[in-house]
Amino acid sequence: MSIDRLALAPVYRLRLSAYGTRLCPVVGDSERVLRHQLLARGRVPLHAPTSGRVRHGRCGTMLHLDADGADAALPCSPLADWRSLAPEELIEAIGAAGIVGLGGAGFPAAEKLRAGCRRGMEVLIVNAVECEPGVSADTALAADDPDAVRAGIDALRRILAPERTLFAVAPDASPFDHDAMEVLVAPEGYPAGFERTLAEAAAGRRLARGEYPTDIGVYCQNVSTCHAIGAALERGTPLVERVVSVVRVVRAAAPARNLRLRAGHAVDDLCRQLGHHGPLRAGGPLTGAPLDAGGGIDKHLHAVTIDETTEALPCIRCGACAEACPESLRAETLYRLARAEHYDELEAAGLADCIECGACVPVCPSRIPLLDVFRGAKAAVNARTARRADAERAARRFAARRTRLDRRDARHTARVRMRKSRAPRSWLDDGS
Amino acid sequence: MSIAVAAGVMTALGATLGALLGVSRRRLEGDDDALVEAVDHCLPQTQCAQCGYPGCRPYAEAIAAGEAINLCPPGGPDTVQSLSELLGRPAVALAEPAAGPQLALIDEQRCIGCALCLDACPVDAIVGAPGYLHTVLPGHCTGCELCLPPCPVDCIALTPRAA
């Protein structure tokens with residue numbers, strides 16, 4: 001499985017508002033930087049994907065890097081003697097390298113490791129099951145650079161000290177030399193690569209709603225993330241590049257192409273180099289969300305999809321979507337309610353339990369973009385909940401004001417009565 | 001003969017059940033208050049009187065008694081939808097178009113500190129005192145517009161609020 005490399009993009013666009021927070025740039029406007037140089041601090045540090053000149057975006061939400069083409073790198077040195085460091089020091093190093101989960105969700109790796117250490121993990125699962133059909137980024141990278149992967153796994157074992165380490169593979173995967181690690185063959189079908197599915201397979205039971213794998217002592221880390229951790233410790237390189245699968249969804253699906261892409265690669269340049277002139281989706285054929293042509297790809301993006309399917313037809317209530325749903329949701333009901341904007345019923349029907357895996361999308365005979373509809377409905381429900389909370393607050397303040405005014409009136413009445421009872425009788429008083 | 005018996009039994013059964021229904025309807029009257037509460041919960045609580053009623057609670061009581069559900073512009077189409085779902089009445093377009101979420105802003109250069117707007121605000125979102133600068137607390141302002149008429153120097157403006 002070969003991994004291609006595209007030409008460097010002329011500009012790299014890196015988001016500063018990410019991970020629910022704002023990253024703080026440490027480089028000024030027009031400053032020259034080298035590859036691997038620290039660009040911003042915050043919840044997940046951001047490093048330069050190539051050498052060039054930095055431009056600050058207008059609203060402080062984006063950093064633009066105009067590549068100079070030389071791709072000169074800051075010299076990186078491995079973390080000395082990392083195999084004998086304490087877990088917290090390893091976690092610090094992983095956090096400083098800006099590593100996030102590369103399985104698709106992009107959760108900060110250092111935070112997950114700290115939480116795992118606090119709780120105490122029994123099982124470590126190295127996830128080499130590709131999360132979506134058509135994507136082969138993980139297996140390609142594991143085959144290409146197994147040394148870094150092994151180093152990363154060793155680091156995780158040192159940090160978490162699990163009792164068992166499992167190497168999860170897809171049922172039809174080619175064998176990876178996993179140093180006699182115990183192999184966990186993932187269940188057939190989609191979404192086998194999701195950490196919930198693997199944790200359930202390892203634990204032998206279903207997770208309850210709201211229960212995470214770490215709650216039952218199972219720590220799942222994607223194999224590409226292990227590679228990033230290993231590279232950071234063994235070679236000192238922060239996370240600026242990863243393997244991305246380009247999946248084509250046409251009448252006849254073609255095998256995916258794997259590319260080494262730097263973080264922030266301009267989306268319009270990516271489309272140009274791929275020879276594609278339509279919309280590009282971030283993610284695989286099932287979970288893909290539309291990519292803004294004026295932006296750059298996120299550093300944790302595992303795949304991009306070129307989607308050329310046709311327009312949607314009306315829903316025929318066949319129920320195929322409900323059958324496909326791994327969370328056993330009544331997908332056709334959710335779709336009907338979402339389209340009708342019946343948000344109260346939508347909440348009651350369990351929209352919040354949708355894990356946005358997109359399994360309902362390819363089975364729909366009418367080619368309805370169900371995942372987009374559910375994502376939009378979730379946003380609308382959240383906005384509504386926020387408005388309701390505001391209304392509750394306003395109602396409380398209104399009631400409190402009423403109380404205050406009533407008390408003021410009562411005091412006033414009492415004062416008037418008291419004054420009247422004390423006042424001397426006027427000479428006009430007739431004595432009544 | 002058996003037909004007569006069957007007919008008699010069915011009539012007696014019908015009469016008994018009918019009587020039971022009539023009695024229980026009178027004894028177990030629905031809680032009107034609960035309906036008004038539920039309707040009030042759907043309303044945005046701006047107390048602005050744009051619906052023609054002096055507050056959200058009076059409008060809720062009117063709706064429970066049969067008033068139209070599309071008279072609340074601050075609630076927007078979302079409120080009409082909620083009320084339609086709750087009461088089983090058709091969701092119609094708003095009688096007056098919604099202006100979107102708004103925030104009152106006092107022009108500090110023009111404010112004379114007369115304190116007339118403080119009393120006008122139904123949720124006490126304006127802080128100040130006579131002779132001192134008044135200001136609107138953005139977190140509490142519902143955009144109800146009740147502070148605009150009392151201001152003698154017209155220094156309050158409504159601005160669209162970022163959602």
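In what follows, chains carry the letters A, B, and so on, assigned in the order in which the sequence lines appear, proteins first and then strands, with residues in each chain numbered from 1.
- Across B:Cys42, B:Cys121, B:Gly75, the residue that shares the most heavy-atom pairs under 4.5 angstrom with chain A is B:Cys121.
- Under a cut-off of 6.0 angstrom, the local environment of CG in B:Leu20 is crowded, with over 12 non-hydrogen atoms contributed by other residues, nucleotides or ligands.
- For residues 2-19 of chain B, the set of pairs meeting the salt bridge (charged side-chain N to carboxylate O under 4.0 Å, His left out) definition, not counting sequence neighbours, is empty.
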When you scan chain B against chain A, which donor-acceptor pairs turn up at less than 3.5 Å?
{"from": "B:His41", "atom 1": "ND1", "to": "A:Glu392", "atom 2": "OE2", "distance (Å)": "3.3"}
{"from": "B:Asp78", "atom 1": "OD1", "to": "A:Arg384", "atom 2": "NE", "distance (Å)": "2.8"}
{"from": "B:Asp78", "atom 1": "OD2", "to": "A:Arg384", "atom 2": "NE", "distance (Å)": "3.3"}
{"from": "B:Asp78", "atom 1": "OD2", "to": "A:Arg387", "atom 2": "NH2", "distance (Å)": "3.0"}
{"from": "B:Gln81", "atom 1": "NE2", "to": "A:His342", "atom 2": "NE2", "distance (Å)": "3.1"}
{"from": "B:Ser82", "atom 1": "OG", "to": "A:Arg384", "atom 2": "NH2", "distance (Å)": "2.6"}
{"from": "B:Ser82", "atom 1": "OG", "to": "A:Arg388", "atom 2": "NH2", "distance (Å)": "3.2"}
{"from": "B:Glu85", "atom 1": "OE1", "to": "A:Glu345", "atom 2": "N", "distance (Å)": "3.4"}
{"from": "B:Asp119", "atom 1": "O", "to": "A:Arg401", "atom 2": "NH2", "distance (Å)": "2.3"}
{"from": "B:Cys121", "atom 1": "O", "to": "A:Arg401", "atom 2": "NE", "distance (Å)": "2.8"}
{"from": "B:Val123", "atom 1": "O", "to": "A:Arg397", "atom 2": "NE", "distance (Å)": "2.7"}
{"from": "B:Val123", "atom 1": "O", "to": "A:Arg397", "atom 2": "NH2", "distance (Å)": "3.4"}
{"from": "B:Asp124", "atom 1": "O", "to": "A:Arg397", "atom 2": "NH2", "distance (Å)": "2.7"}
{"from": "B:Asp124", "atom 1": "OD1", "to": "A:Arg401", "atom 2": "NE", "distance (Å)": "3.4"}
{"from": "B:Asp124", "atom 1": "OD1", "to": "A:Arg404", "atom 2": "NH2", "distance (Å)": "2.8"}
{"from": "B:Asp124", "atom 1": "OD2", "to": "A:Arg404", "atom 2": "NE", "distance (Å)": "3.3"}
{"from": "B:Asp124", "atom 1": "OD2", "to": "A:Arg404", "atom 2": "NH2", "distance (Å)": "3.1"}
{"from": "B:His140", "atom 1": "NE2", "to": "A:Arg397", "atom 2": "NH1", "distance (Å)": "3.4"}

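- A pairwise comparison of heavy atoms in B:Pro44 and A:Ala391 identifies O-CB, 3.4 Å as the closest pair.
- Of the atoms belonging to B:Leu43, it is backbone heavy atoms, and not side-chain ones, that fall under 4.5 Å from chain A.
- Proximity to chain B (any heavy atom under 4.5 Å) is restricted, for A:Ala340, to the backbone atoms N, CA, C and O.
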